[in-house]
Amino acid sequence: MGYWTIRCQRPPTKPIIGGQCYMIYDGQVRGYFDIVDIDNVKNWKFHSPTKACNVIVLVNWHPVSNGPEMTGFQGWRYT
């Protein structure tokens, strides 16, 4: 099983484990990953930590065909 990680300086303030992280390309939702953990970047060898930060750990890509349109940066959205 492969993991996908997103490095972030400040993690979300609300619980997101068990939620989804949607990927948008060209203004349209293309799919999503399941969020399984938020961890310290030092525990992930392929990241070179320049500052103390976290990674959001994602697994299981779920493609979406004909997903809704979404333009611009949305930030953290809790649903």
Do you reckon Val59 sits in the same ILVMFWY cluster as Val41, going by side-chain contacts under 4.5 Å, direct or chained? yes
Residues in side chain to side chain contact (heavy atoms under 4.5 Å, CB included) contact with Ile38, at least two apart in sequence or another chain: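 By the side chain to side chain contact (heavy atoms under 4.5 Å, CB included) rule, Ile38 matches Pro11, Pro12, Ile16, Asn54, Ile56.
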For Asn43, side-chain hydrogen bond (donor to acceptor under 3.5 Å, both in side chains) partners two or more places apart: Asp39
Measure across Cys53 and Cys8 and return the closest heavy-atom pair with its distance rounded to 0.1 Å. CB-O, 3.3 Å
Closest approach of Asn40 and Trp44, non-hydrogen atoms and distance? O-CD1, 3.5 Å
Listed pairs under 3.5 Å, donor-acceptor, residues 29-36 side chains, sequence neighbours left out:
unit_1, atom_1, unit_2, atom_2, d
Arg30, NE, Tyr25, O, 3.1
Arg30, NH2, Tyr25, O, 3.3
Asp34, OD2, Asn60, ND2, 3.3
Asp34, OD2, His62, NE2, 2.9

Is any side-chain heavy atom of Trp4 closer than 4.5 Å to one of Trp61? no
